[in-house]
Amino acid sequence: MTHRQILKLPHIELTGDDSNSNILHVDMDAFFASVELKDRPELRGTPVIVGHSGGRGVVTSATYEARKFGIHAAMSMSEALRKCPGATVIEPSHEKYEAVSNRLQDIYYSMTPLVEPLSVDEAFLDVSGSRKLLGTPTEIGHKLREKVFLQENITCSVGVAPTKFIAKLASTRAKPDGLLVVSPEEVLARLGLFKVSDIANLPLNTLRRALGDGLAEHLHELSWGRDERSVEPYEPEKSIGNEETFSKDLDEAEDILREILRLSEKVATRLRAAELMGRTIVLKVRFSNFSTITRSKTITDPIDGTKDIYAITKALFENLKLDRVRVRLVGVRVEKLEEAETASRQLLLGESEKGWREIDKASDKASARFGDEAVKPARLID
DNA sequence: TCTGGGGTCCTAGGACCC
DNA sequence: TCTGGGGTCCTAGGACCC
């Protein structure tokens, strides 16, 4: 992959000057599908769908070749396959995406410390402090696209603008594989293209009635080019959870509890990795008719142990008193998070509790060294 | 159109306290 | 004890976002 190939990419579109546009919005193109194509280069240029192939499920990601058939993310798999029977289906491999996402973040941070990740494949960057070192925001945007492509073989789109809102519009407009700069003078003109001037002149109350208070006020402000939100480099996490839809509905309590244990283990491991503890434990259950319930328990002292979390989710489940009801999904989530460091340590850890902490820690270490499969609660080992 | 997974935010009722 | 008002926290569910 040469430098030239990137500069030759067809969709790059430049507008205006970037002297007052310091916000970059970066968005990978068809992220999951692009990651998969890295391992399956022979599929480049062909329609590829990432999603669960068995029956239920929706399209997680689709290549641009697949989109030509009208396939898009969130469409049901059955419909996608009907539209393009020849498409290659790849099962999503979330751990892989997580790893790529981490490496992408390293790239962002090599450009500026002010990074606000939005999702696995998207982020805002404030590059106002990077001009001296790395060049204009446009140049930084080019460097970013180049680095991502050379390192991960993924094309991405970058919007450069004075505010987050406009930067995001710009990156969407630049898709796929493009970079678009919107200078401040153009902001209102650009919004005018979407008839925002009409919105700006509309009485706010009318807008409120049409859209609801929050959205109306926000849009009204935006319509006047007012968007004072700055890039927040760090948003503390509010909850950590995992859920899983089974390929076949479960109705045996034993099987369901086994899944709940597995999810508790997963969530607890993530909590400890993030050095967080939580006080509210939520169990989510979806039945075969798609109706969904949640049950939660808030405790006084924060926890992060597999055994503690499982004890609570197990009790929540047993309280439902389900009698061979068909369950399609279970989820475990921990909320009211606190940093483990500052989390009330005065709670008297009995010796047995200490013992379990040691075991969890040892298990985390082994997982880090030998992979997730290395250490599992005994019930999970087949 | 028969519906994934990780999240956030909002609402509403109830318990409980002063 | 027949009953106000303000506030906080918890629980449950739903809308919505990427």
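Letters go in sequence order (proteins before strands), and every chain restarts at 1.
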Return the value, rounded to whole Å, for the distance between atom [atom1] of [X] and atom [atom2] of [N].
X: A:R328; N: B:dC2; atom1: CZ; atom2: P; answer: 13 Å
X: A:F124; N: C:dC18; atom1: CZ; atom2: C1'; answer: 12 Å
X: A:K284; N: C:dG14; atom1: NZ; atom2: C1'; answer: 10 Å
X: A:I281; N: C:dT11; atom1: CD1; atom2: C1'; answer: 14 Å

Look at [X] and [N] and indicate whether a side-chain polar atom (N or O) is within less than 4.0 Å of OP1 or OP2.
X: A:S76; N: B:dT1; answer: no
X: A:N242; N: B:dG5; answer: no
X: A:K297; N: C:dC10; answer: no
X: A:T294; N: C:dG13; answer: yes
X: A:T245; N: B:dG5; answer: yes
X: A:R286; N: B:dG5; answer: no
X: A:K168; N: C:dC18; answer: yes
X: A:S78; N: B:dC2; answer: yes

Q: For A:S119 and for A:T298, find the nucleotide of DNA chain C with the closest heavy atom, then tell me which residue's nucleotide is more 5'.
A: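 Checking each residue's closest nucleotide, the 5'-ward one belongs to A:T298.
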**Q.** Residue whose closest nucleotide on DNA chain C lies nearer the 5' end, A:R279 versus A:R295
**A.**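 Nearest-nucleotide comparison on DNA chain C picks A:R279.
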Q) With sequence neighbours excluded, what pairs up with A:T294 under the side-chain hydrogen bond (donor to acceptor under 3.5 Å, both in side chains) test? A)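 With neighbours one apart ignored, the set is empty.
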Q. Hey, does A:K336 reach any base, or is it just sugar-phosphate, or nothing, if we go heavy atoms under 4.0 Å?
A.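 Answer is sugar-phosphate: A:K336 comes under 4.0 Å of backbone atoms only.
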Q: Answer with base, sugar-phosphate or nothing: what part of the nucleic acid does A:I240 contact at a heavy-atom distance below 4.0 Å?
A: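 It contacts sugar-phosphate atoms only.
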(Q) Can you confirm if the NZ or CZ of A:R286 lies within 45° of the ring axis of A:F290 and under 6.0 Å from the centre of its six-membered ring? (A)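 Ring-cation test returns yes.
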Q: Specify whether A:H94 and A:F32 have parallel, tilted or perpendicular ring planes, treating 30° as the upper limit for parallel and 60° as the lower limit for perpendicular.
A: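 Perpendicular.
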Q: Evaluate whether the aromatic ring of A:F290 and the six-membered ring of the B:dC2 base sit under 5.5 Å apart, centre to centre, with an inclination under 30°.
A: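 According to the criterion (under 5.5 Å, under 30°), no, A:F290 does not stack.
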Measure from the side-chain heavy atoms of [X] and tell me the nearest of [options].
X: A:T60; options: B:dG4, B:dG6, B:dT8; answer: B:dG4
X: A:I293; options: B:dG5, C:dG13, B:dT8; answer: C:dG13
X: A:E79; options: B:dT1, B:dG6, C:dT11; answer: B:dT1

(Q) Take N1-N3 plus N6-O4 or O6-N4 for Watson-Crick, N1-O2 plus O6-N3 for G-U, both under 3.5 Å. Which runs of 3 or more such pairs involve DNA chain B? (A)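 As far as DNA chain B goes, consecutive pairing (with distances under 3.5 Å) yields the stems B:5-18 with C:5-18.
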Q | Gap in Å between the two C1' atoms, one belonging to C:dG4 and one to B:dC17, rounded | A |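 That atom pair is separated by 14 Å.
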Q: For C:dC2, measure the glycosidic angle (O4'-C1'-N9-C4 for a purine, O4'-C1'-N1-C2 for a pyrimidine) and name it syn if it falls within 90° of 0, otherwise anti.
A: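 In terms of base orientation relative to the sugar, C:dC2 is anti.
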(Q) Would you say A:Y64 ends up clustered with A:V158 if hydrophobic residues are merged whenever their side chains have heavy atoms under 4.5 Å apart, either directly or through other cluster members? (A)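 A:V158 does not cluster with A:Y64.
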**Q.** N-O pairing of A:E98 and A:K96 below 4.0 Å
**A.**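 No.
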Q.
Does this structure show an ion pair linking A:K143 with A:E139, if we count only N-O contacts that are shorter than 4.0 Å?
A.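 Not counted as a salt bridge, because no side-chain N and carboxylate O are separated by less than 4.0 Å.
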Q | Intermediate values then yes/no, salt bridge (charged side-chain N to carboxylate O under 4.0 Å, His left out), A:R272 and A:D304 | A | CA-CA 6 Å; A:R272 294 192 296 268; A:D304 65 2; 5.2 Å; no
(Q) Let's go through A:L125 and A:L144 carefully: what are the C-alpha distance in whole Å and the side-chain angles of both, what is the deciding distance for side-chain contact (heavy atoms from CB on, under 4.5 Å) to 0.1 Å, and is it a yes or a no? (A) CA-CA 11 Å; A:L125 278 66; A:L144 193 56; 4.1 Å; yes
